[in-house]
Structure formats: structure tokens, C-alpha cells
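Heads up, the thing below is written out as C-alpha cells.
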Amino acid sequence: MSAALSLDDVKSRASALSFKGQAFIDGKYVDAQSGRTFDCVSPVDGKVIAKIAAGDKADVDRAVKAARRAFDKGDWRNQHPRDRKAKLLKFAEIIESHATELALLETLDMGKPISDSSKIDIPLVVRTIRWYAEAIDKIYDEIAPTDPKAVSLITREPLGVVAAVVPWNFPLLMASWKIGPALATGNSLILKPAEQSSLTAIRIAEFASAAGIPDGVFQVVPGLGEEAGQALGRHMDVDCVGFTGSGEVGKLFLKYAGESNMKRVGLECGGKTPHIVLADAADLDAAATAAAWGIFFNAGEVCNAGSRLLVQESIKDVFLEKVMAVGRKMRIGDPLDPKTQLGAIVDDTQMNKVLSYIDIGQKEGAELKMGGKRVKTESGGYYVEPTVFDRVQNSMRVAQEEIFGPVLSTITVKDEDEAVRIGNDTLYGLAAAVWTRDINKAFKVAKALRAGTVWVNCFDHGDITTPFGGFKQSGFGRDKSLHAMEKYTELKHTWVQLY
Ligand code: NDP
């Protein structure tokens, strides 16, 4: 979508949209078997914009049967790699040709600014699917260096039926991190979007069909977590669940797997990222901009958000002023306005959770330096100001628990050793960052931080070529990069004896 569009242009495009709310099973849109639906409420203004099929066990059963049938028939996994590649590329192309519509759906559904959904989310979805498509006919298997009288093949095979259970913060992007590698490796995939953000997942299902991906290979079953999500987690014929969301639900998927068929589970369960700024950082303005955007981007609804700012004491006051100056300039407003930088929180439950943490932080003794309130109440939507706490102790709940909102907790540290100790003192280990001009210190700190990704002198940089996932209770398994393909394949060894 062009940046030159006005709010009126975007609104008129949004008002022309139609919303599909049905499940997509075995190549067709269908209602939930029960006929039940739930409301899709837009956080932009609190209004109901669609009815979504409330898929449950019966719908999951239907989808799993179709997925298994497609897998067994082999129409997808046994296609020539270059044909599978061509179809996934076509899928990406159709998504790209509907980029404006998808960006609008994402914004209306979960409240992120249209400039983000159109310039970040949807282009990255296209890039992700395209990148995995391109990988299909470029990856080779292995031959082990065994006795010359044998040929020992080590090959990767698709798992079968994969379920992707995804959150609402980057609805289609998180889905694409599962769709790309799971389909590229030949699996059948069932996607369960979050109840707050089902619209784009439902819409792209027909694009997969139009691209020639066989029926049953890509299906979408919307529904509530406890119903559709749990049914996938407990299904005896689902081979793998790729999950992104809260640690609490991640643990449930481990339990479901243990109580059913030991299906493979990959978990990406969030974090409490330490963003460390040492006194010798070369560019404090750049670090302050990164620290502010690191927590306020996407209204803080980011699993790797830099929610704990660990600043060396000699620069703390000056640095925090710089961070707040960036935060104060951020334009919070109607997500449909192309000029908006900070949109709505996904729903009233999440907004109230964020506000309750702001209250908890103050009661715990942290100093509220900026923000802290709900704004734009008259819109009917759910908006919270960029909020900054100072004098946070790492033992406080605002430093330990994932708030998933625009709330920064600032902790003062003496030196890099204390920064590492506090940085690691959390259940999570998704990401971390350090700013310093000393290359030795940078490597030392990066090595000591227990996190799946460490940024040095930057924040939240990445690429589809780089793996993403966590240590500790941030989960296990990796999204993105070729490593994600390991999650959706089984390793087979075939020993051929030569006579
Ligand atoms: P959840 O972990 O509850 O939801 C993630 C996905 O799991 C959704 O599709 C959800 O469905 C599904 N789910 C929920 N309950 C169950 C269940 N009992 N069995 C099977 N599947 C289930 O995250 P929320 O969306 O509720 O957000 C809550 C908190 O999780 C946030 O405040 C944040 O702290 C964290 N979170 C972390 C994310 C990350 O990227 N790490 C992303 C989103 C949230 P449904 O939507 O229908 O409940």
C-alpha cells in the first residue's frame, strides 16, 4: 500500500472489504459442523466485524482425515521438487497480489498500524514462503562415510500431518514461519489461527488451492484454543504441532502430546528480553531509538520485545531521557491512518492485562516515568500509551513476567557482569541485546547471555536466513532458516550392503 494514501483512502478500501469466517477443509470453505460461530471484534473501535466458525473436535477430525488422505496419496510430498517449488512460489505470488487486502484485514483484526501490516507483515510473509519454495530443489541429503562395501543414506522425510497453532501478534507472519518449512518438506498442514486474528489465515487458504496445492495439504480450522487447539494437540493422527504463544499453553501442548501419541512439539513461547546498554556504547542516540522501538513497536506485543532495559549507571539518567524523547514523539492513533506508528492493543482482555501490570509495577515500587494510561477511549478501541518504568528491581513482576504491551522496565546495572547476571535471571531465553564499542566485551557478553538470538549494537535485526527460537522456557525448535525444516522432517537412515 502506498505511503501516500490518506486515512480516507484507507478507510474507503477497508469499508469495501468482505470478511470470510469459515473453516477451509479439504479444498472448500465450510461452516463448523456444530454451526457455532464467535465474534471477531476489531480493536480499532471495539465493533464486531465478522463471525468466525468455532471449529472444534469434529472439524479437527475432518481436517486431519483429509490431511492424512492427502499425505498418504502422496500428491504433494511425492511431486517432483521443482513442481512443489513452482506451486509454493505461485502461492506466494497470489498472496503478494492481495497484499493490500491482507494488510487491511490484519490491521482491522488485531489493531496494528496499516504502515506496519503493509510494509512489514505481508511482505515478510511473501518473502518467507518464497524463500522456502526456493529451498525445495536446492537441499541435498547425505551419504555417510561408511565401509566402502555399503552405501549409507541419511535422508529427511516429511512427518505427515502437522498442526500450526499460532498467536495474534503477527498473525500471518507467525503462520508463514510454519507454513513455509512444513509445506516445503512435503507435509500436510492444518493451521489454527488465534481467535483474535483469524481473518488472514482464512483468506489465504483459497490462495493455496488456486496455486495448485492439493486439497487437504493446506487447511485452516479457526476456533477457540481449548476446543480446536486442544483437539489438534490431543489428536492421535497429528504428527507434529508447531506452536507460538504463551508458555502456559506451550506446556499444555507438551501434556497433550504425552497423553496422546507422543507427537513432536516445537514451542516458541515468548521472552523477557534484556536490552543492555553499556556506558561505552558508540552511539547513544541510535541505542535509545532502538530501545524505544524495541519495546513500543507493535504496541509491545512482540515475543522478543526489549522489555527490560539494563543500563549502566553512569549513563542511565541521560540515556533514559533519550529513550523517552523517542517514545513521546511516537504517533499513537487510528491503525488505519498511514501516519500512525502505535496502534491498538489486540483486545480488551489484553489491554486490561497491560494496565494491570502498570498498576502492579507502581505497587511494587517502580517509578512510573512516562505514560501508563489508556487513551483514545472515545474511539471504542483499546489503546495504551508508551509507558516507561525506572528503578525496577529484577525480582519485580514487571521485570519477570511477559506483559506483552508497550511497557518498558528500566534496571540500573554496575557493569557488564551484573548486566549478564540480571539479563539471564529470568525463565526466558528468547533474545538479548548489548551495546558497546568494545569488541571483546561484545563477544564476552554475547557468549554469556543465554538466549537464542543476541544482537550487538542493534536490535531486532534478522532475516529469513537466520534461525529464531529460544533457550529455557522460551521453548525449543527453531523457526526461520533451513533449521526450521528439521522441525518438520524425520531423519531416516538406509544402509545398503553391496555384494
Ligand atoms: P495463547 O498462548 O493463549 O494462545 C496462542 C495460541 O494457542 C492461540 O491460537 C490459542 O487459541 C491457542 N490456545 C489457547 N489455549 C489453548 C489450549 N488450552 N489448548 C490449545 N491451544 C490453545 O496466547 P494468548 O493469545 O492468549 O496471549 C496470552 C499471552 O501469551 C500474551 O499476553 C503473551 O504474554 C503471550 N503470547 C506470546 C506470544 C509469543 O509470540 N511468544 C504470542 C502471543 C501471546 P485462542 O486464540 O483461541 O485462545
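All ligand and atom numbering here is 1-based and tracks the order in the structure.
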Handout entry: Aromatic ring pairing Y256/F253, orientation class (parallel under 30°, perpendicular over 60°, tilted between)
Key =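 Y256 and F253: perpendicular rings.
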Handout entry: Partner residues of N394 under the side-chain contact (heavy atoms from CB on, under 4.5 Å) criterion, sequence neighbours left out
Key = R308, A399, Q400, I411, I422, D425
Practice task
Identify, with sequence neighbours excluded, every residue that meets salt bridge (charged side-chain N to carboxylate O under 4.0 Å, His left out) alongside K376.
Solution key: none
Problem - Partner set under salt bridge (charged side-chain N to carboxylate O under 4.0 Å, His left out) for K178, not counting sequence neighbours - result: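 K178 satisfies salt bridge (charged side-chain N to carboxylate O under 4.0 Å, His left out) with D479 only.
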Handout entry: Amino acids contacting ligand 1, non-hydrogen cut-off under 4.0 Å
Key =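 Under the 4.0 Å cut-off, ligand 1 touches V165, V166, P167, W168, N169, K192, P193, A194, E195, Q196, G223, L224, G225, E226, G229, Q230, F243, T244, G245, S246, V249, L252, F253, Y256, E268, C269, G270, C303, Q350, K353, E402, F404.
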Handout entry: N-O pairing of D61 and K57 below 4.0 Å
Key = yes
Problem - Check: F459 ring centroid to W455 ring centroid under 6.0 Å - result: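 Distance test on ring centres: under 6.0 Å, yes.
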